[in-house]
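Written below as structure tokens is the structure these notes are about.
Just follow the structure's listing: the first ligand is 1, and inside any ligand the first atom is 1. As a basis for the values below, the full set of heavy atoms in this structure was taken, side chains included, without hydrogen atoms, waters or symmetry mates.
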Amino acid sequence: MHHKSKNEPHPYHRREVCLATMHGKELAISAPFQETLGIFVRVPKGIDTDVLGTFSGEVEREGTPLEVLRKKIRLGMSKLGLSQGIGSEGSFGPYVHFPLIAQGHEILLWIDDERGIEVVEQKITTETNYGFKTVSAWEELGDFLKVSGFPSHALIVRPNSGFIPGLIFKGLRKEKQIKEAIERSASASNDSQAQVITDMRAHMNPTRMKVIGELAEKLARRIATLCPNCLCPGWGLVDIVRGLPCELCGLKTEQIAYEVYGCPSCNEKNTLPRQDGILKANPASCGFCNP
Ligand SMILES: [Zn+2]
Ligand SMILES: [Zn+2]
């Protein structure tokens, strides 16, 4: 049996990995993977990830964000002929618990065909500028400009009544561009209105780029962690167990009591008390003390 010592370099050390992006995500993803794992991130040239769907909706995404992401990564891996690939996918909409606030869901996926594994990290966050406004002139945008982070964050303008080929203006960071785009879009729209939307593409959206960077650090750390049983990279949180006891009455609550760590390759699992050290639940979350 082959035994790897702890002093051996990480299995991905000095490996090349593919990142399929048209939107400059290497700015957020390369550094954590290079620094934590010694991995070289390569971006394939001339790849069109927009064929798999766009934020602005000209191309509808087929399948779940994870399925779209998998296709995107595989597109790049086959283009570069690499057996490891990484990619990110975001989706945005109203916050589930409070629809006036926007929410972003970012997924970062690692695929390794050599080991037949996938490792995923996700983040659901209200740290996003996602939003849109229907207007007939620049003057009506008002607060929306500030809230959407313009001009460091770009905007998209299109006719309000739907898609008209050639009438979608993306990556707008100048007042003049937006004024013109609103005018052209509104005059082409059945209701004489234009829709102004936040541009969610990473290179147009520093807030999103920052979230992707944080997620990349998390994923790199996870991939750096080897399974204690089979030494496969990617050991990390795979499940949670609810039932943290109430501080007052001791009954089980819906709060998280244990975290389950697992391997992407073998069945090894390890259940540990939650890592923040909290042992009892606040009675406010107890169905008995606070029904
Ligand atoms: Zn209680
Ligand atoms: Zn394992």
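Taking 2.8 Å as the criterion, Cys232 does not count as a coordinating residue of the Zn ion (ligand 2), since none of its N, O or S atoms falls below it.
In this pair, Phe132 and Tyr130 present their aromatic rings perpendicular. The plane angle is above 60°, beyond the 30 to 60° band.
Angle SG (Cys263) to the Zn ion (ligand 2) to SG (Cys230): 100°, rounded to 10°. Between the SG atom of Cys246 and the SG atom of Cys286, the angle taken at the Zn ion (ligand 1) works out to 110° after rounding to 10°.
Looking only at distances, a side-chain donor or acceptor of Asn129 sits under 3.5 Å from a matching main-chain atom of Ser148.
Hydrophobic clustering (side-chain heavy atoms under 4.5 Å, transitive across Ile, Leu, Val, Met, Phe, Trp, Tyr) keeps Met200 apart from Phe150.
Within the 4.5 Å cutoff, the side chain of Gln255 has no heavy atoms near those of the Lys280 side chain.
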